[in-house]
Amino acid sequence: MTDPGPEADLTDGTDELARELDRAHVFHSWSAQAQTSSLVIASGRGCRVWDHAGVEYLDFSSQLVNVNIGHQHPAVVSAIREQAELLTTVAPATVNLARGEAAKRIVDRAPEGFRRVFFTNGGADANENAIRLARLTTGRDKILSTYRSYHGNTGAAIVSTGDWRRVPNEFARGHVHFFGPYLYRSEFWARSPEEECERALQHLRRVIESEGPQTIAAVLLETVPGTAGVLVPPPGYLAGVRELCDRHGILLILDEVMAGFGRTGRWFAFDGYEVRPDLITFAKGVNSGYVPAGGVIIDEPIAAGFDERVFPGGLTYSGHPLAMASIVATLDAMASEGIVEHARAIGETAIGPGLAELAERHGAIGEVRGEGVFWAMELVADRETREPLPAVAMGELKAALLARGLLPFIQDNRIHVVPPCVVTADEVAEAMAIYDEVLSAMGGAS
């Protein structure tokens, strides 16, 4: 077991106290309250977390795919502490050095022409405000997004989301969904990435034409859809979407909330796809979630439209000093320590090959896909029919992984392999051995 460090509380009974308080008083998201997790996390370091009793887990979830720099990075913790001693909070209308430094570091990573950042508290309100910017800039109403997507749990963001979570929450207007590329379960009867790209673009073209291009403010896409399955877009797809948007005066919003800041082995995922968006949303990896933060990076022509016109939006904690300090420290540490480059290399040399080997050994793995530290194993009951592994079996898999000390990210019939960007080759090997053991135990060996 890794030394939990001097700040960890190993007092007997603390875990049960935490569970009792949680059961009595905490209302959990996306959950039936009688069926919430009993897993306690008290502290962590790097790629590992542990409870109060010192039971340790290798974190291959990065919590919610956000702890890119790893748990308790000393430079980020120190920066938050120093900022707290200087100034803990400030109104968003004031000028603050930490906010300016954070914004500069973010735009320095963005394409040329992006010079302004609107800060939010997370990814959902980043997408919310990007949608608002698009509608105000174009004078149009409709937002197009894919069925396989997740954009957040606020009014417009949840309705932009394509999965089941939008259905009980459809109170926002002007949202249209379409199918994006997903070759393994193609909606277009495609047999190759080239066919999938061509047919998915034709589908989007027809949706735009049928909805009326003059009514569409923006197309909102996750550069690499994350919760929907780490759906790496085929070559040419994002460039094709850009071309369609340009043809009709539609803005392109790329949601980099999960895929950005090192997750794909690049500062921004779109850097690998020859596409330039009009608005970029971010959160999660920008400061590894140490303090809630997100935002919209705004192309200059859009930002200039509000030089003399009031932008009708804001948040009390926009550009919160503690969050800004954590962004500065995170991005500086990622740059100086080569963390983004490491994420790319570990994906190419360890995670990708390790998952490919598992797929050869286990018939339950229908497909593996990903890049950097952003991967998914899609599990099936039958490789020929591609019937998804049922929920009961996925629940058993999750329990078995936890029992062996691996904290997984399970979504539908997939295991998402999403460790922090700082994960080592030895830790990847440890995780692969646990995946192998659990898949073998469930009878998944081919």
Side-chain angles (χ1 to χ4, degrees), residues 65 123 127 130-131 134 142-152 157-167 175-211 213 216-248 250-260 263-264 268-270 272-281 367 369-371 374-376 378 386 388 411-414 416:
V65 199
N127 285 319
I131 290 168
K142 290 179 184 173
I143 304 296
L144 272 57
S145 53
T146 64
Y147 282 106
R148 296 186 181 97
S149 66
Y150 180 70
H151 296 290
I158 192 63
V159 183
S160 291
T161 292
D163 71 27
W164 68 269
R165 286 172 284 191
R166 83 176 190 282
V167 177
H175 291 267
V176 177
H177 293 88
F178 63 96
F179 287 104
Y182 180 13
L183 182 58
Y184 187 70
R185 299 190 183 279
S186 176
E187 301 291 341
F188 312 111
W189 298 278
R191 294 165 294 180
S192 68
E194 293 77 16
E195 285 186 350
E196 183 75 356
C197 176
E198 179 183 4
R199 296 175 187 183
L201 287 172
Q202 171 62 18
H203 166 64
L204 176 56
R205 182 180 301 113
R206 291 294 295 129
V207 171
I208 290 172
E209 292 168 353
S210 300
E211 289 294 329
I216 301 169
V219 173
L220 169 61
L221 293 176
E222 292 174 272
T223 309
V224 179
T227 306
V230 191
L231 304 177
V232 178
Y237 179 74
L238 291 175
V241 175
R242 173 78 272 180
E243 192 277 328
L244 285 171
C245 289
D246 288 343
R247 185 186 308 174
H248 297 293
I250 298 168
L251 299 184
L252 177 59
I253 306 169
L254 287 184
D255 178 342
E256 291 263 336
V257 169
M258 189 175 286
R263 180 57 51 185
T264 63
F268 290 106
F270 62 74
Y273 295 102
E274 299 181 350
V275 63
R276 185 186 188 280
D278 299 295
L279 296 162
I280 305 161
T281 60
E367 183 179 60
R369 51 185 178 264
E371 53 186 339
F374 203 25
W375 294 80
E378 180 148 354
R386 301 186 180 181
Q411 181 69 37
D412 300 323
N413 66 314
R414 301 177 304 274
H416 291 206

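Side-chain atoms of S210 come within 3.5 Å of backbone atoms of R206 as a donor-acceptor pair (strictly under, hydrogens ignored). In this structure, N127 contributes its side chain and H151 its backbone to a donor-acceptor pair below 3.5 Å. At least one donor-acceptor pair closer than 3.5 Å links the side chain of E222 to the backbone N or O of G226. Formation of a donor-acceptor pair under 3.5 Å by the R369 side chain with backbone atoms of W375 is not found in this model. E196 places a side-chain N or O within 3.5 Å of a backbone atom of Y182 that can act as its donor or acceptor partner.
With rounding to the nearest 0.5 angstrom, the CG atom of L279 is 9.0 Å from the CG atom of L252. Expressed to the nearest 0.5 Å, how far CG of L201 lies from CG of L204 amounts to 7.0 Å.
Between L220 and I131, some side-chain heavy-atom pair lies under the 4.5 Å cut-off. Looking only at side-chain heavy atoms (C-beta outward), H177 and T146 stay at 4.5 Å or farther from each other. For the pair V207 and L144, the minimum side-chain heavy-atom distance is below 4.5 Å.
Here the closest heavy-atom approach between residue L251 and residue C245 is recorded as O-SG, 4.1 Å. The two atoms that bring F374 and V65 nearest to each other are CE1-CG1, 4.2 Å, heavy atoms only. Here the shortest heavy-atom pairing between V257 and G123 reads CG2-CA, 3.7 Å. Heavy atoms only, all atoms of each residue included: M258 and T227 are closest at CE-OG1, 3.6 Å. When every heavy atom of P225 is checked against every heavy atom of R148, the shortest pair comes out as CB-O, 4.0 Å.
Inspection of the E371 and T264 side chains reveals no N or O donor paired with an N or O acceptor under 3.5 Å. A donor atom on one side chain and an acceptor atom on the other are found under 3.5 Å apart for E256 and T223.
A cation-pi arrangement, defined by a distance under 6.0 Å to the six-membered ring centre and an angle within 45 degrees of its axis, is present between R165 and Y150. Both tests pass for R386 against the ring of Y184: distance under 6.0 Å to the centre and angle within 45° of the axis.
Between H203 and F188, the ring planes are tilted. Angles from 30° to 60° get that label.
At a threshold of 4.0 Å, the pair R205-E209 does not count as salt-bridged, since none of the basic side-chain nitrogens sits closer than that to a carboxylate oxygen. Taking 4.0 Å as the cut-off between side-chain N and carboxylate O, E378 and R185 count as a salt-bridged pair. Ionic pairing of R242 and D278 is present here: one or more N-O contacts between side-chain nitrogen and carboxylate oxygen are shorter than 4.0 angstrom.
Within 6.0 Å of the CD atom in E243, the count of heavy atoms belonging to other residues, nucleotides or ligands exceeds 12. Within a 6.0 Å sphere centred on CD of E198, other residues, nucleotides and ligands contribute 12 heavy atoms or fewer.
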